[in-house]
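We name chains A, B, ... by the order of the sequence lines, and we start the count at 1 in each one.
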Amino acid sequence: MGNRDVADLLENIANLLEIRGENPYRVRAYREAGRHIANMAEDINKVAEAGRLQDIPGVGESIANKIREFLTTGRLAYYEDLKRQVAPGVSQLLEVPGLGPRKAQEINRALGITSIAELEKAAREHKLSKLPGIREKTEQKILREIERLQQRTRRILLGVALPAAEEVVNLLKVHPQVQRIDPAGSIRRMKETIGDIDVLVASTKPVEVMDALCSLRIVKEVLAKGTTKSSILTRANLQIDVRVIHPDEYGSALQYFTGSKDHNIALRDIAIRKGLKLNEYGIFDVKTGRRLGGETEEQVYHILGLRWMPPELRENRGEIEAAAKGKLPKLIEIGDIRGDLHVHTDWSDGTDSLDDMVEAALERGYEYVAITDHSIGLGVARGLSVERIREQRRIVDQLNRKYAPFMILHGIEVNIRGDGTLDYDDEVLAEFDIVTASIHSGFGQPREKITARIIRAMQNPNVDAFNHPRGRLIGKREGYAVDLEAVIREGAKRGVAIEINSQPDRMDLDDVWARRAKELGATLVIDTDSHSKGQLDFIRYGVAVARRGWLERSDVLNALSLKDLLKRLHPARMAA
DNA sequence: GCCGTTTTCGGCCCGACTGTTTTCAGTCG
């Protein structure tokens, strides 16, 4: 029973209470508590054992008791009761946009409908419009939404959404009536997945901007077009919502539409206590109604007594308290990254040559790059034999003479076998400039076994980093079961860096765990795991995870200069 | 149900939109 289970339990309770039409603040209390637990890296069992459940924001006596019961017995009587009181399937109806708890409950009560399929049938037979508060239009809307629901794609990877948003931004920003333009929402916060792609424009001629948007060459279909807000479908089938704001209101609008929702709620709470009112049009004095600001985000935060903060922090995970005390972290930036330490070539499963990958790293302005092809055990990826390693080493040495002072580190992504041993003997591993270790098989092993296996690998003194620690592929594969806390502690103890893998479908570690790793004293390394030249640009996604995890330059191995990096990896060699 | 530089009780973010309404409830972001 882990954090996820508890968070899901609380969210489910909130949903059931909502359907029952309970006090909305009680519903929100469960939702809040669940969200904080989902955002927490520390194991809830440990927190419970230490009697610190009520230290979790949003968890009071009542919820703490329920969590304790759930953790010790595996079930919760209160939740079982609740489930019995709510007809099964009603919560499914809530998935239809436009149907909230009230209407869903009414539809279920009056017609006995418990699934979306039944709902669709009833709507077609015009049975819904006999109910109070529902007429022809609502019925039609429900049918449309069900249809959309069936063909809707789920959340989009940041690595897909961000380039799409940037394309629209770049095409529109040359328009003479566009004064400012930015991606907003979860894209601006650089969340690993994105629901809606939002773009914000500052202009005094919104209609002209809307016309320009809808006639862009990337537009496949105009889904909605208004005077200040339009939605387009791109040729890549991505929906992008664009809104135009008056330049005087751009700061408060950008703040508002960047979110997160929780962050904004907390800000407005501060505003209320100060006798102020905050909305997308500005920040106002409640008594006089006078507008105090809103042209820039900085203004909004300053009037609330806070420092401006990077969007990546705005998740209501303590950033507001930190901003009030002037204790915001100085987040790592993409320019702090001095090199990439996890890169593949066509020697194993990459598509570009060693030379090309090195050239691409140089072009990025790096001081170094580590070539880390796969080891022999990974047959599918053409893992290198010992002979091939030595051959590759000779070529790396040649290239190093050519490109000095830029340095190519000869590395390896060594496979951790089922028992925790590594693919090569220690003598072979000792020849590399950097050894990174990964799991590529045995994902189904029990948690204890995988954890022990990884820790054994980390205890090999040749290992410098542990790659994509959770083994997840977003939307495709859950990570393996592992006690990450123990793995990270081991890394901190042995000086093994923990990777933030920048591949858009990995983002592994994620933001929550990156922050926890910092707390536990581990060093992180932000890598792209590139399999082609272009993928070196993925580094910005890894940096985004790091920033969302509150990391600073000093937390990151490859923010070190080449000299300091070599000192860190090979203190003995450097002394010699 | 939670929480406290107003409070241990009485608040709890704000505005827009839609459809159903003759003044507002429900839903959403």
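- Note: CD (A:Glu136) to P (B:dT21) measures 13 Å, nearest angstrom.
- If A:Tyr78 and A:Leu278 are placed on DNA chain B by their nearest nucleotide, the residue sitting closer to the 5' end is A:Tyr78.
- Counting non-hydrogen atoms under 4.0 angstrom, A:Asn23 reaches a base of the nucleic acid.
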> Do A:Tyr30 and A:Asn15 pass the side-chain hydrogen bond (donor to acceptor under 3.5 Å, both in side chains) test, and can you show the C-alpha distance, the side-chain angles, and the key distance before you say yes or no?
Replying inline: CA-CA 9 Å; A:Tyr30 279 97; A:Asn15 288 339; over 6 Å; no
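- Checked by atom type, the side-chain pair A:Gln535/A:Asp537 shows no donor-acceptor distance below 3.5 Å.
- Residue contacts for A:Val59: at a heavy-atom cut-off of 4.0 Å it reaches the sugar-phosphate backbone alone, with no base atom in range.
- Close to B:dG26, at under 4.0 Å from its OP1 or OP2, lies a side-chain N or O of A:Arg102.
- Taking 4.0 angstrom as the limit, A:Thr138 places none of its side-chain polar atoms (N or O) nearer than this to OP1 or OP2 of B:dG19.
- With distances taken from any side-chain atom of A:Pro97 to the nucleotides B:dA16, B:dC28, B:dC2, the minimum falls on B:dC28.
- Distance A:Leu94 CG to B:dC28 P: 8 Å, rounded to the nearest Å.
- Paired with A:Glu18 under the rule salt bridge (charged side-chain N to carboxylate O under 4.0 Å, His left out), one option of A:Arg31, A:Arg102, A:Arg28, A:Arg26 passes, and it is A:Arg31.
- A:Lys66 comes within 4.0 angstrom of sugar-phosphate atoms only, judged by non-hydrogen atoms across all strands, and of no base.
- Between A:Ile272 atom CD1 and B:dG11 atom P there is a gap of 13 Å when expressed in whole angstrom units.
- Nucleotides B:dT23 and B:dC17 have their P atoms positioned 23 Å apart, rounded to a whole Å.
- Of the two residues near DNA chain B, A:Asn264 and A:Arg144, the one whose nearest nucleotide lies more 5' is A:Asn264.
- Taking only side-chain nitrogens and oxygens, A:Asn279 comes nearer than 4.0 Å to OP1 or OP2 of B:dG15.
- If you check every strand for non-hydrogen atoms under 4.0 Å, A:Pro101 touches sugar and phosphate atoms only.
- Spacing between B:dT7 and B:dC2 at atom C1', rounded to whole Å, works out to 13 Å.
- In this structure, A:Pro57 and A:His36 approach most closely via the heavy-atom pair O-ND1, 3.2 Å.
- Phosphate contact (OP1/OP2 of B:dG1, side-chain N/O of A:Tyr25, threshold under 4.0 Å): absent.
- Contact annotation for A:Lys103: backbone-only contact, meaning every heavy-atom pair under 4.0 Å involves sugar-phosphate atoms and none involves a base.
- Taking atom CZ on A:Arg31 and atom P on B:dC28, their separation rounds to 11 Å, with Å as the unit.
- Looking at A:Gln255 and A:Tyr301, their side chains do bring a donor and an acceptor atom within 3.5 Å of each other.
- Applying the 4.0 Å criterion to OP1 and OP2 of B:dT27, one finds that A:Lys141 has every side-chain N and O outside that range.
- Nucleic acid contact for A:Phe257: none, since no nucleic acid atom lies under 4.0 Å from a heavy atom of the residue.
- With a cut-off of 3.5 Å on both pairing distances, B:dT8 has no Watson-Crick or G-U wobble partner at all.
- For B:dT6 and B:dC12, the P atoms lie 15 Å apart once the distance is rounded to whole Å.
- Put simply, A:Arg135 has a side-chain N or O that comes within less than 4.0 Å of OP1 or OP2 on B:dT21.
- A:Leu267 comes within 4.0 angstrom of nothing in the nucleic acid, heavy atoms only.
- Side-chain N/O atoms of A:Tyr256 include none lying less than 4.0 angstrom from OP1 or OP2 on B:dA16.
- Cation-pi geometry between A:Lys66 and A:Tyr78 is met: the NZ or CZ atom falls under 6.0 Å from the ring centre, inside 45° of the normal.
- Nucleic acid contact class of A:Ile63 (heavy atoms, under 4.0 Å, all strands): sugar-phosphate only.
- Side chain to side chain, A:Ser129 and A:Arg135 fail the donor-acceptor criterion of an N or O pair below 3.5 Å.
- The side chain of A:Tyr281 sits closest to B:dG15 out of B:dT20, B:dG15, B:dG29.
- Rounded to whole Å, the separation between the C1' atoms of B:dG1 and B:dT8 comes to 14 Å.
- Going from the P atom of B:dT27 to that of B:dT20 covers 13 Å, rounded to whole Å.
- When the P atom is compared between B:dG11 and B:dG19, the two are found 34 Å apart, to the nearest whole Å.
- The shortest heavy-atom contact between A:Arg472 and A:Asp510 is NH2-CB, 3.6 Å.
- Distance CG (A:Asp269) to C1' (B:dC2): 12 Å, rounded to an integer number of Å.
- Rounded to whole Å, atom C1' of B:dC14 lies 16 Å from atom CD1 of A:Ile270.
- Atom CZ of A:Arg26 is separated from atom C1' of B:dG11 by 16 Å (rounded to the nearest Å).
- For the pair A:Glu32 CD and B:dC3 P, the computed distance is 9 Å after rounding to whole Å.
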